[in-house]
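Beneath this line is the structure, given in structure tokens, with notes to follow.
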Amino acid sequence: MALTLRRNRDRDLAPLAAMLSDAEIPLLNPNAKVPFDEMEWHQKWLGDREDVSFYLQDAAGRDVGFFALREGVGPEVRHLTYVYLIEEARGGAAAELTSHVEQAARDLGALTLTLKVEVDNAPAHNAYLSAGYEELSRRQGMATMRLDLEERHAE
């Protein structure tokens with residue numbers, strides 16, 4: 001599946017709300033209200049001034065995925081948050097998704113990308129390992145991972 005990236009400059013969360021079923025909200029964010037509350041997401045989950053979000057679109061221009069990048073320890077570090085792909089887009093799209101995430105982080109000036117993934121989410125965990133992420137630690141069922149974008153870009 002060929003995906004294209006669309007930066008969410010207007011901070012519009014209606015497409016995300018339309019993609020998500022109530023059952024999937026806790027998978028994306030276990031602390032968020034169900035049903036999706038756009039105001040809550042604007043205030044609590046994507047409210048930092050430096051938060052930047054993106055939509056992934058299929059060849060027909062339909063929104064099929066979402067992710068956000070939060071500023072990490074400094075502007076040179078971006079932390080991947082709230083990654084979501086609709087069911088039909090999940091099979092085999094992991095490499096393409098991680099490639100888009102890396103490019104988006106680079107475009108924001110990041111040198112390092114970090115993320116947390118549930119250890120028991122084998123498809124996601126394996127996708128990040130395959131993309132070259134290094135596992136730094138495991139705590140409470142979550143693996144913290146990082147990718148050095150400078151080294152990756154030089155390859």
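Scope of the values below: all heavy atoms of this structure, side chains included, with no hydrogens, waters or symmetry mates. In this text, all values refer to a predicted model and were calculated from it rather than measured experimentally.
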pair Arg62-Ile86: side-chain heavy atoms closer than 4.5 Å: yes
Qualifying residue for side-chain contact (heavy atoms from CB on, under 4.5 Å) with Leu13, from His42, Met39, Glu40: His42
Rounded distance [0.5 Å steps], CZ in Arg6 versus CG in Leu56: 10.0 Å
Any Val83 side-chain heavy atom under 4.5 Å of Tyr128 side chain: yes
Single-linkage hydrophobic cluster Leu136~Leu113, side-chain heavy atoms < 4.5 angstrom: no
Flag side-chain contact, heavy atom, 4.5 Å: Thr81 against Phe67: no
Distance (rounded to the nearest 0.5 Å) between Leu108 CG and Arg7 CZ: 5.5 Å
Side-chain (Asn126) to main-chain (Ala122) donor-acceptor, under 3.5 angstrom: yes
Atom pair NZ/NZ of Lys44 and Lys33 - distance to nearest 0.5 Å: 6.5 Å
Flag, side chain of Arg78 to backbone of Ala68, donor-acceptor distance under 3.5 Å: no
Flag, side chain of Asp48 to backbone of Asp51, donor-acceptor distance under 3.5 Å: no
Same apolar cluster: Leu80 and Val77, side chain cutoff 4.5 Å: no
For a quick test of your reading: what N or O donor-acceptor pairs under 3.5 Å do the side chains of residues 15-27 make, sequence neighbours left out?
{"residue": "Ser21", "atom": "OG", "partner": "Glu24", "partner atom": "N", "Å": "3.4"}
{"residue": "Glu24", "atom": "OE1", "partner": "Tyr84", "partner atom": "OH", "Å": "2.4"}
{"residue": "Glu24", "atom": "OE2", "partner": "Arg90", "partner atom": "NH2", "Å": "2.8"}

Any side-chain donor near an acceptor of the partner, His125 and Glu135, under 3.5 Å: yes
Single-linkage hydrophobic cluster, 4.5 Å side-chain cutoff, Leu28 and Val34 together: yes
Distance, nearest 0.5 Å, that separates OG1 of Thr98 from CD of Gln103: 12.0 Å
